[in-house]
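Naming convention: chains lettered A, B, ... in sequence-line order (proteins, then strands); numbering from 1 in each chain. Just so it is clear, the model here is predicted, and its values are computed rather than measured.
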2 protein chains.
Amino acid sequence: MPLTPLRRVNLAHDISAQLSQAIVAGDFPAGAVLSEPMLAKRLGVSRAPVREALIELETRGMVEFDERGRSRVPSLTHDDLVDILGIRIALEPRAAGLAARRADPLAFVDLERNLDAMRAAQTPTELARLDTAFHSGVVRASGSRRLHLCWNVVEHQVDLWLTQMQSRVDALCHQLRDTTVAAHAAMFETIRSGDTLRSENLARKHLTDWLDVLPGAPVV
Amino acid sequence: MPLTPLRRVNLAHDISAQLSQAIVAGDFPAGAVLSEPMLAKRLGVSRAPVREALIELETRGMVEFDERGRSRVPSLTHDDLVDILGIRIALEPRAAGLAARRADPLAFVDLERNLDAMRAAQTPTELARLDTAFHSGVVRASGSRRLHLCWNVVEHQVDLWLTQMQSRVDALCHQLRDTTVAAHAAMFETIRSGDTLRSENLARKHLTDWLDVLPGAPVV
DNA sequence: CTCCGGTCGACTGTCGACAATACCGCGGTG
DNA sequence: CACCGCGGTATTGTCGACAGTCGACCGGAG
């Protein structure tokens, strides 16, 4: 037995993850101030780890600090989404290419499991979460720590945008589901086959396709 | 008069900048442990802002946390440099293209000033600093906050690598100086002219050229 | 000599407290 | 009635302190 994973606790890290999830889930509306005492009280911890979590979230674009040091939930516009996708179009082909070159079997089981989960998913929320998770898996499979750091900056931004625009995009998500699953499956196969160039191109096309769909969607 | 910039002080931010500079300057060798009490004592502050600065630096890849929470200066290998340049090749063409599209005159004066400084620079260290600063300027000129967050991850990595490999690269830097200045000048003109596509291509070529030079350089 | 247990010191993670600052509403004043 | 000054309140930035944990070192047993 491999015993226990053994890991020193770090409240800040847990808080960061939990807060990020809460923000994406829409628990805090766009523009809401996340005051440290309020969060500390709700989480049952002191302000120190909360502060550290907020700093980490700021570097990931999940909160913004105003000129007085208060952290707020950023409110994303359509332009923000285009900006985010532009960055992802720059980063993710690289990640897919590296993943294809490394061909880590361990990462493949994660990706395959994600595909299965996505095929079985029902709610748009679950679908969006799995979609992001798949792309995270590709970045992780690239094996580049720095690429992963960059990815952190955009990882949950699309999810956050979806939450803030929720009224309109549920139907869109559902409609795109089969397309997305098919695109992910194709990416998975290509990465596993080790075809670097084709992996890059598929990743790019998957994202640009999405970008092309958006202007037609009823957004603002 | 635009009055004062007015900005609440934040020791953590200053510490982050100072520490980053010190690491790049080689004050802490690769693998060195940056203990919080030691830094706090040297800086004359308490541990709290030091911790916050370290967290920020970790998201920028300037320090790494080991399994026990200690922060260390990462030691970069040749593969790391290739990885970093790969990310920059993905990000910077996008930044240059956006900068060309925005055409912010304010950013142009910064870039032009950098060009002048670079033409006058003497030491390789100064040259490397200005080179990084130019690329930072392009990213800033892109106007994308998230792109800037991603850029933070790689901003000083090449400088750090140069420091850790210092013995060999001084001559290389000097030799590449004119090439670099010429490439930057060309990028500047193209961005200012608003030619998006050409800006992207120049940025990409500038970086891939550099990548091509490296394998021949006497590096480990 | 080698190996083991115990002790010491250092460091991290977390907490509560304090000063400084900015917002908000109220009362007084012209 | 409009405006200005003022105290109360909430929040941030910073500090010192404490518990838990880990490595280093030392002494003794086999």
Gap between atom CG of B:Leu34 and atom CG of B:Leu39 - 0.5 Å precision: 5.5 Å
Rounded to the nearest 0.5 Å, what's the gap from CZ on B:Arg72 to CZ on B:Phe28? Could you check? 14.0 Å
A:Ser35 side chain, from C-beta outward: closest of D:dT12, D:dC15, D:dG23: D:dT12
Please report, rounded to the nearest Å, how far the P atom of D:dT12 is from the CZ atom of A:Arg68. 8 Å
Hey, can you pull the residues of residues 37-55 of chain A with a non-hydrogen atom under 4.0 angstrom from DNA chain D? A:Pro37, A:Arg47, A:Arg51
Interatomic distance, B:Glu58 CD vs C:dT12 C1' [rounded to whole Å]: 15 Å
Can you tell me how far OG of A:Ser136 sits from NE2 of A:His156, rounded to the nearest 0.5 angstrom? 6.0 Å
Donor-acceptor contact below 3.5 Å, side chain B:Gln164 vs main chain B:Pro74: yes
How many Å lie between CD on A:Glu36 and P on C:dC15, as a whole number? 14 Å
Once you round it to whole Å, what is the distance between C1' of D:dC22 and CG of B:Asp66? 11 Å
Indicate yes or no: at least one non-hydrogen side-chain atom of A:Ile87 is less than 4.5 angstrom from one of A:Gln157. no
Between B:Arg72 (CZ) and C:dC11 (P), how many Å, whole number? 13 Å
d(A:Asp80 CG, B:Arg145 CZ) to nearest 0.5 Å is 7.5 Å
Side chain of A:Leu11 (C-beta onward), nearest among D:dC15, C:dC11, C:dC15: C:dC15
Rounded to whole angstrom units, what separation is found between the CD atom of B:Glu67 and the P atom of D:dT21? 16 Å
